[in-house]
Amino acid sequence: MPTKSGHRGVGHPFAWVMASMVASFAAGSTVSDQLLRHTTGNGLSWDSIELPEQAQLLLPAATVVLPSVPPPEMANASTIFVPPGSSLQTLLEKPFHVFHEDYLSIIGQGPTLSLIADSGTDPRFHEAVVWYPNTDEVFFAQNAGAKAAGTGLNMSSVIQKISLSEAMAVSHLRSAVGQVQVTVVDFDPPVVNPNGGTNYKGNIIFDGEGMGSDVPPALYLANPNPPYNTTPVNPANGHIYFTDVTYGYLQDFRPKPVLPNQVYKLDSVTKAVTAVADELINCNGEQIVPGTNCGHNLEWIGLTFSPDGKYAYVTDTGAAMAFYGYDQSKPSGIYRYTVAEDGTFEYKKLFAYSTSGVPDGVHCDSKGNVYAGCGDGVHVWNPSGVFLGKIFTGETAANFQIAGSGRVVICGETHLYYAQIAAEAAPIT
Ligand SMILES: *[C@@H]1O[C@H](CO)[C@@H](O)[C@H](O)[C@H]1NC(C)=O
Ligand SMILES: *[C@@H]1O[C@H](CO)[C@@H](O)[C@H](O)[C@H]1NC(C)=O
């Protein structure tokens, strides 16, 4: 979905409010609080654990009680929470923020974060982040409709790609702008306002948001090799799941919606399209997941599946209304559904609530840990919803992709990042 670039301010309403709520109780639990600050859940002393060079500890016990609580005019979804004892500078210096010891095995011993491209004010690095293993390239799309993108009603947003070998070659640098070539890919016919994408049987499916009243949203099956031809999707088997939400309208390039915000299933056999989930304010931005309920990995922005296919994760970015600002009383969460044998969704459950911007793109790694692009970087939870840590960029991470072995490409709107961690991507379909 479209998001504004992160604003670098200080504050975080949820944490601050929580802080005031727990302040009195915390005063009486100094001993366990002290213990939590200094030992891991396994009782190991943090002092005996050597953190990677680009990592820092930000344990909940050390930051949950805050000295003061600023009002929402100063601290809200568009500001960056800087915990006591930190500054934005220190948060950026060591961008792998460890909130739980289990995060250490995800980032490994030498995680790195590199800025590899900067597009000024034009949000060229937004969504539809797809790794194409055959050429080891990663594709991504511009923010359709964002004012600084110059797209809107007259022009569609563009798809670009990078070669991962070039990104890997500069992973020892924190800033490598200009050293990785970013190439515009001219799909034919063009994908109109792409905002989602996923691997599909050796090709890529992009999801276009449409344009004006005459070009409707559509799924495109695209050849990731020259001549980059696209055809209407006609999957041979394996259902395709996608969401269809209002952001084209909230960015003024589509008419008012006439359907609810829902998740749909395109049945691979019958070709029937059925709604599988509703009650979402903005199930994020028209995303697609080729999925089956038989154990393949299905991944996509705002919608992804656990590696065993048992669960679907859907982000609801209802709090973010693009050109119309934030309403933080609306959802900003990741919801988990159980995928039934017949491919329908059941048992909606709140998996996680994001306190920074909104959770946008969502993907699982091979162990079922859940990653989401949020207002200050990529956040990571274990399969039970325990928050483990962040890759902190200090600005919106609209989407990202884990490309095979620990290689993460992060779209930060006007900034493109490459991170190297230890976790493996879930296998692709
Ligand atoms: C959110 O906080 C920022 C930074 O303090 C402020 O500039 C902005 O006006 C606030 N937004 C709202 C809606 O209060
Ligand atoms: C679209 O193009 C028309 C004609 O060139 C121009 O008048 C209009 O301002 C443009 N609209 C936008 C949103 O760029």
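This structure is a prediction, so every number in the text was calculated from the model and none was measured. Counting convention: from 1, in listed order, for ligands and their atoms alike.
Ligand-side atoms of ligand 1 in range of Pro72: 1 (C), 14 (O), range being under 4.0 angstrom from any heavy atom.
Gln401 places a side-chain N or O within donor-acceptor distance of the main-chain N or O of Val129, the cut-off being under 3.5 Å. Side chain of Thr414 to main chain of Thr121: no donor-acceptor pair is present (N/O by atom type, distance under 3.5 Å, no hydrogens or angles).
Between Gln54 and Arg174, the closest side-chain pair of non-hydrogen atoms falls below 4.5 Å.
The shortest N/O to N/O separation between Glu73 and ligand 1 falls below 3.5 Å.
Considering Asp327, Asn76, Ile80 only, the shortest heavy-atom separation from atom 11 (N) of ligand 1 involves Asn76.
With Tyr311 as the aromatic partner, Arg336 meets the cation-pi criteria of under 6.0 angstrom to the ring centre and within 45 degrees of the ring axis.
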